[in-house]
Number of protein chains: 2
Amino acid sequence: MKYAESEVIEKATTLFWQKGFQAAGMRDIQQALDMRPGSIYARFKSKEGLFQLVVEKYVANTQQKLSTVIDDNNPLDALRAFFVSELINPEEMRFQRQCLLIKSITELEMLGDNGKQSVLDGMSTLRTCFKSIVEKAVQTNSLPASTPVDKAADWLQNQFVGLRTFALMQTDDLAIESMIDKVLIDLKTSWPE
Amino acid sequence: MKYAESEVIEKATTLFWQKGFQAAGMRDIQQALDMRPGSIYARFKSKEGLFQLVVEKYVANTQQKLSTVIDDNNPLDALRAFFVSELINPEEMRFQRQCLLIKSITELEMLGDNGKQSVLDGMSTLRTCFKSIVEKAVQTNSLPASTPVDKAADWLQNQFVGLRTFALMQTDDLAIESMIDKVLIDLKTSWPE
DNA sequence: TTATGACTTGAACAAGTGTTCAAGTAAACC
DNA sequence: GGTTTACTTGAACACTTGTTCAAGTCATAA
């Protein structure tokens, strides 16, 4: 085995994150992984099989980052720090500002059933994380007890999606931070109904 | 000329909106438009030329809808109505919940310079519309005079992006409406700095 | 030592891609 | 009436796509 699986997945993640599933051709993948088609197919079964592993690893990774937010004594500050670290990064990593899952959702119908399911499962996994964060914030009195947890979880994930698209196109880092602050303000204010 | 240009663009819009630029193959386009390759190339120069016209028409169309919001006496109510009409529609039009521009942004790098510019110009055109709405709302005292207009315009466009992705995946229309209401609440509350 | 099985190579394949082109049609203009 | 112009047709083109396969490598287990 020439390269460890984690190495390979990492390189594949970068490629899929930059180009998307469709646009990343097998020849791009072969070059990025420094592997020949036969190796890739023997190890990952297909382009989609590789993509699926990438998505699952991406979700697990994000989930882990979010779990440190949940475990923080001040979850809202930790959440802010998480947002900043995900959205403000050097130019050569700009592509990482977009969410790999959201990017994949736009090409969901071009994926087979397995790939599709991985993406959707990932979305729901992360939603659960956001819910836990809101719950923790309520427990620690960082948010009012009246906060509608489920609604706020959807909203928060939603804000994250919007922020990522905004950050992707935005060159002014301060504008991004300002947008993050707005999210934290609105999280504490009132909810409809 | 077998079909009027507006007809053709309309059909092409549906296709690109559903499948995206890349995934909509020339053979899909030929079928959707009921035209043979030569006709398409004689009239639109290339797949990207057609796409460009579609994007420009889409932007002009959205711009026009937003200008009725601007001209409304109660711009915030009109804005809410606009959101509802764009985000809550029958199942067979679900694909229209996603923003064609945002969908295109994810495949921006696969477009040539002209197509890319059309998409970016469209984004900035719509931002200007959102700014006018905020300005109008301030003028009519629907929003506090202290509202930072530029920041709010970015924020509003951003919210629209998030809402569209949310609505795309959401089956419960009430949850979408609730999310729209949250936007209108937050628009009126405080801003960072 | 031999056998197994996971992994690797690189040429090849069938199907799909966007695009071109010679030829034809028909309305508009001189 | 003749010429131009915009449009149409459908076969064909060169290239790219994801995938396969026979053959080879090499560590581990029997």
Side-chain angles (χ1 to χ4, degrees), chain A residues 1-55 103-104 106-116 118-119, chain B residues 1-55 103-104 106-116 118-119:
Chain A
M1 194 154 60
K2 202 167 165 191
Y3 303 109
E5 175 152 319
S6 62
E7 264 182 275
V8 176
I9 298 291
E10 207 172 305
K11 288 176 190 164
T13 301
T14 301
L15 186 68
F16 281 128
W17 209 341
Q18 287 194 55
K19 314 238 299 174
F21 174 74
Q22 294 184 73
M26 276 310 291
R27 274 131 194 106
D28 296 325
I29 295 174
Q30 288 158 35
Q31 196 186 333
L33 306 194
D34 186 27
M35 290 172 79
R36 263 38 64 196
S39 307
I40 297 172
Y41 279 81
R43 281 177 78 166
F44 304 107
K45 224 187 96 179
S46 68
K47 183 186 172 187
E48 182 162 336
L50 175 60
F51 179 73
Q52 213 176 320
L53 282 178
V54 164
V55 167
K103 192 163 182 163
S104 305
T106 61
E107 42 188 354
L108 207 53
E109 299 177 14
M110 276 64 218
L111 289 170
D113 289 345
N114 290 344
K116 197 183 294 194
S118 296
V119 174
Chain B
M1 194 155 61
K2 202 166 163 190
Y3 302 110
E5 176 152 318
S6 61
E7 265 182 276
V8 176
I9 299 292
E10 206 172 307
K11 288 177 192 163
T13 301
T14 301
L15 186 67
F16 281 128
W17 208 342
Q18 286 193 56
K19 313 239 300 173
F21 175 74
Q22 294 184 74
M26 276 310 290
R27 275 133 193 104
D28 296 324
I29 295 174
Q30 288 159 34
Q31 197 186 332
L33 306 193
D34 185 26
M35 289 173 79
R36 262 38 63 197
S39 308
I40 296 172
Y41 278 82
R43 283 176 77 166
F44 304 108
K45 227 187 96 181
S46 68
K47 182 185 172 187
E48 182 162 335
L50 175 60
F51 180 72
Q52 215 177 317
L53 281 178
V54 164
V55 167
K103 191 161 183 166
S104 305
T106 59
E107 42 189 355
L108 207 54
E109 298 177 15
M110 277 63 218
L111 289 170
D113 289 346
N114 290 344
K116 198 185 291 193
S118 296
V119 174

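Basis for what follows: all heavy atoms, side chains included, without hydrogens, waters or symmetry-related copies. Each chain gets a letter, A, B and so on, in the order the sequences are listed, and its residues count up from 1.
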Nearest to the side chain of [X], heavy atoms from C-beta on, is which of [options]?
| X | options | result |
| --- | --- | --- |
| A/Ala42 | D/dT9, C/dT8, D/dT19 | C/dT8 |
| B/Ser46 | C/dT19, C/dT8, D/dT9 | C/dT19 |
| B/Tyr41 | C/dT19, D/dT20, D/dT8 | C/dT19 |
| B/Pro37 | C/dC7, D/dC7, C/dT19 | C/dT19 |

Check the distance between [N]'s [atom2] and [X]'s [atom1] and give it to me in whole angstrom.
| X | N | atom1 | atom2 | value |
| --- | --- | --- | --- | --- |
| A/Lys45 | D/dG18 | NZ | P | 17 Å |
| A/Gln30 | D/dT16 | CD | P | 14 Å |
| A/Leu111 | D/dG18 | CG | P | 13 Å |
| B/Ile40 | D/dT8 | CD1 | P | 9 Å |
| A/Phe44 | C/dA6 | CZ | C1' | 13 Å |
| A/Tyr3 | C/dC7 | OH | C1' | 14 Å |
| A/Gln31 | C/dG10 | CD | P | 14 Å |
| A/Met110 | C/dG16 | CE | P | 14 Å |

Parallel under 30°, tilted from 30 to 60°, perpendicular over 60°: which one fits the rings of A/Phe51 and A/Phe16?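 Perpendicular, since the angle between the ring planes exceeds 60°.
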
More than 12 heavy atoms of other residues, nucleotides or ligands under 6.0 Å from CD of B/Gln30: is that the case?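 Yes - once you tally the heavy atoms of other residues, nucleotides and ligands closer than 6.0 Å, there are more than 12.
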
Near A/Lys2 NZ, under 6.0 Å, is it more than 12 heavy atoms from other residues, nucleotides or ligands?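 Yes, the 6.0 Å shell around NZ holds more than 12 heavy atoms from other groups.
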
Give a yes/no answer on whether the side chain of [X] brings an N or O atom under 4.0 Å of OP1 or OP2 in [N].
| X | N | answer |
| --- | --- | --- |
| A/Ser39 | C/dC7 | no |
| B/Lys2 | C/dA26 | no |
| A/Arg36 | C/dT8 | no |

Over all strands shown, is A/Arg43 touching base, sugar-phosphate only, or nothing at heavy-atom distances under 4.0 angstrom?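 Touches sugar-phosphate only.
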
Donor-acceptor contact present, side-chain [X] to main-chain [Y], <3.5 Å:
| X | Y | answer |
| --- | --- | --- |
| B/Lys47 | B/Phe21 | yes |
| B/Glu107 | B/Gly20 | no |
| A/Lys11 | A/Asp34 | no |

In residues 12-29 of chain B, which residues come under 4.0 Å of DNA chain C by heavy atom?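 Heavy-atom cutoff 4.0 Å gives B/Ala24, B/Gly25, B/Met26, B/Arg27.
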
Does A/Met110 form a side-chain contact (heavy atoms from CB on, under 4.5 Å) with B/Gln22? I'd like the steps, not just the answer. CA-CA 11 Å; A/Met110 276 64 218; B/Gln22 294 184 74; over 6 Å; no

